[in-house]
Asks: 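Structure in C-alpha cells, see below.
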Amino acid sequence: MFSASAPAKIILFGEHAVVYGQPAIAVPVSSLRARAEVQPNAGEGLRIIAGDLGEVIPVTVGADMVDSALFRTAQLVLQAAGAAVLPDVTITLSSDIPMASGLGSGAAVTTALARGLLAALGVTLSVDELNQLVYRVEQIYHGTPSGVDNTVIVYEQPVYFVRGESLEMLSVAQPMTFVIADTGEASPTRFAVADVRRLYDQQPEQIGSVIAEIGSLARMARQALETDGDLSLLGQLMNQNHALLQQLTVSSERLDRLVEAARKAGAFGAKLSGGGRGGNMIALCQPDNHQQIEAALKACGAKQTYSMSLGVAV
Ligand code: PMV
C-alpha cells in the first residue's frame, strides 16, 4: 500500500478579479490535505472509494460518467498514461479540507487521486502536465475556473498567478502568520462567479473598475510580500480587497462579522478568501497574537479556525 496527497490552498489577494485577467496571490496550506491511499486488490479492477462523499466508483474502460469529477480524473490519468489495461487497485480518498469553502478541496482531492493512480500505473507526468489535467477536472466543479486553485495546489508553492501567463512563484521576505476561519456556510464557487459575471455584464464600467482596483492591490501586495514584508501595509491591502469584494456582492453577513472580529482582536487586516458568500476568511496577524484572534473568531461563530505561517512554522 502507498499514498499520495495534496494540500489545501488559500487566496491572499485577487479572487474573482483573477477570472478577468488580473493577478492573484495564493499560498498552499500544507497542514490541511487530501489523501489517496492505494491498495492492490487482486482482480477487482480499478475502484475509487470517496470516503467523505460516500461514493464508490468502479472504473471501467469506455464508461461514460464525465459529470463525476473523480471518474473524469481517472479517465484523464489513464489517457495521459496511455494505459490500455486498468490496474487492480482500490484507491481510498480522504480529506481534512472542508468542501465548498474556498480552500480548494476539489482540486486537492483531484490532485491526490491523480498522483495515486499515476503511481499505481508506474507513470510520471511533469508538474505542468499534472496541473493541466487537474485544471480540466476543475472545469466540472467551477465551469470557468481561472486556474489559480489547481496551480497553487499542484505546485504547493506561493504563486503570483495571472490567467494565461507563465507562472511566477513568490518568495516571501518576512515570516508571517495568518489565521483562517470557516464560516461553516458551504458556498459553491461557480454560483458566485456566475453572479459576478452577470453584474459585470450589467455594469461593465463600474464593475470593470472594481476588478482593476483588485488587480492593483494584488500587485502592491506582491511588492510588499517580496521586498519589505510590511505587515501593516499588507493588512490594509487585505482590508481594501475585502471592501472591493463586498462591492462584487460576494461577501456575506457572517464573513463581514468574522472579518470585523479579526480586525478588532488585533489583526493587521482581514478579508474573505475564495469564492465567498460563505466559506473562509483570512486574517494577517503577529505570531504571538494568532491564538487571541482565533479565540475572537470562534467567539464570533467561526466553525473552525486554523493558523498557518509563510516562511516559518507557527
Ligand atoms: O475555489 P475558490 O472558492 O477558492 O475560488 C476560486 C477563486 C475564484 O477567483 C473565485 C474563481 C477562479 O476560478 O479563480
Side-chain angles (χ1 to χ4, degrees), residues 6-29 32 34 69 95 97-111 131-132 134-156 158-165 167 178 180-200 207-208 210-215 217-218 221 238 241-242 244-252 254-255 258 271-282 304 306 308:
K9 72 95 210 342
I10 193 115
I11 296 179
L12 300 186
F13 290 93
E15 51 274 272
H16 287 288
V18 68
V19 173
Y20 299 81
Q22 297 294 335
I25 294 174
V27 299
V29 183
L32 293 176
S95 176
I97 312 168
M99 290 196 286
S101 68
L103 292 178
S105 111
V109 169
T110 302
T111 306
N131 193 26
Q132 298 306 324
V134 178
Y135 178 77
R136 288 175 68 187
V137 180
E138 280 287 281
Q139 290 174 314
I140 298 181
Y141 289 112
H142 282 204
T144 54
S146 65
V148 62
D149 280 17
N150 48 286
T151 301
V152 63
I153 284 169
V154 170
Y155 282 85
E156 202 164 347
V159 297
Y160 180 83
F161 178 91
V162 182
R163 193 174 193 169
E165 290 186 12
L167 178 61
F178 293 93
I180 299 167
D182 190 350
T183 59
E185 298 170 306
S187 171
T189 300
R190 62 191 312 159
F191 299 134
V193 170
D195 286 351
V196 173
R197 170 67 62 189
R198 245 188 310 277
L199 208 60
Y200 179 78
I207 298 303
V210 172
I211 287 169
E213 276 182 72
I214 294 176
L217 294 179
M238 288 170 77
N241 196 160
H242 185 73
L244 293 168
L245 288 164
Q246 285 174 320
Q247 289 185 38
L248 294 184
T249 75
V250 294
S251 192
S252 69
R254 239 186 254 194
L255 280 166
L258 292 179
K271 61 180 275 292
L272 73 85
S273 180
R277 300 266 167 87
N280 280 273
M281 54 75 67
I282 183 162
Q304 185 66 261
Y306 316 89
M308 60 158 257

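Note that ligands are numbered from 1 as they come in the structure, with each ligand's atoms numbered from 1 the same way.
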Asks: Considering only protein heavy atoms, which is closest to atom 2 (P) of ligand 1, and at what distance to one decimal place?
Replies: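 Minimum-distance protein heavy atom for atom 2 (P) of ligand 1 reads Thr189 OG1, 3.5 Å.
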
Asks: Find the distance between OG1 (Thr111) and CG (Asp149) and round it off to the nearest 0.5 Å.
Replies: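 Spacing of OG1 (Thr111) from CG (Asp149) equals 10.0 Å.
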
Asks: Check each atom of ligand 1 against the heavy atoms of Val148 and keep those under 4.0 Å away; list them by number with element.
Replies: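 Counting from 1, the qualifying ligand atoms are 14 (O).
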
Asks: Nearest 0.5 Å please: distance from the NZ atom of Lys9 over to the CD1 atom of Ile97.
Replies: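 These two atoms lie 9.5 Å from each other.
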
Asks: Taking only heavy atoms of Glu15 into account, list the atoms of ligand 1 that are under 4.0 Å away from them.
Replies: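 In order of numbering, the contacting atoms are 9 (O).
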
Asks: Do me a favour and list the nearest non-hydrogen protein atom to atom 6 (C) of ligand 1 with residue, atom name and distance?
Replies: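 The closest heavy atom on the protein side is Asp149 OD1, 3.6 Å.
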
Asks: How does Leu103 reach ligand 1, if at all, at less than 4.0 Å between non-hydrogen atoms: by side chain, backbone, both, or neither?
Replies: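 None of Leu103 does.
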
Asks: Should Lys9 be listed as contacting ligand 1, given a heavy-atom distance under 4.0 Å as the test?
Replies: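 Heavy atoms of Lys9 do come under 4.0 Å of ligand 1.
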
Asks: Counting only heavy atoms, tell me which of Ser146, Ala26, Gly14 gets closest to atom 13 (O) of ligand 1.
Replies: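 Of the listed residues, Ser146 has the closest heavy atom.
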
Asks: Give the atom numbers and elements of ligand 1 that come within less than 4.0 Å of a heavy atom of Val18.
Replies: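 Matching atoms, with element in brackets: 9 (O), 14 (O).
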
Asks: Can you report which non-hydrogen protein atom sits closest to atom 9 (O) of ligand 1, along with the distance?
Replies: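 Going atom by atom, the protein heavy atom closest to atom 9 (O) of ligand 1 ends up being His16 N, 2.8 Å.
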
Asks: What's the separation between atom CD1 in Ile282 and atom CE in Met308, rounded to the nearest 0.5 Å?
Replies: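 It is 5.5 Å, given to the nearest 0.5 Å.
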
Asks: After noting the C-alpha distance and the side-chain angles of Arg277 and Thr249, does the key distance pass the side-chain hydrogen bond (donor to acceptor under 3.5 Å, both in side chains) rule?
Replies: CA-CA 8 Å; Arg277 300 266 167 87; Thr249 75; 3.0 Å; yes

Asks: Starting from atom 7 (C) of ligand 1, locate the nearest protein heavy atom and write down its residue, its atom name and how far away it is, to 0.1 Å.
Replies: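 It is Ile11 CD1, 3.6 Å.
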
Asks: Using a 4.5 Å cut-off on heavy atoms from C-beta on, say whether the side chain of Asn280 contacts that of Leu272.
Replies: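 No, their side chains stay 4.5 Å or more apart.
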
Asks: Check whether any side-chain heavy atom of Gln304 lies under 4.5 Å from a side-chain heavy atom of Pro98, and answer yes or no.
Replies: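 They are not in side-chain contact.
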
Asks: To the nearest 0.5 Å, what is the distance between CZ on Arg254 and CG on Asp182?
Replies: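 Reported to 0.5 Å precision, the distance equals 9.5 Å.
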
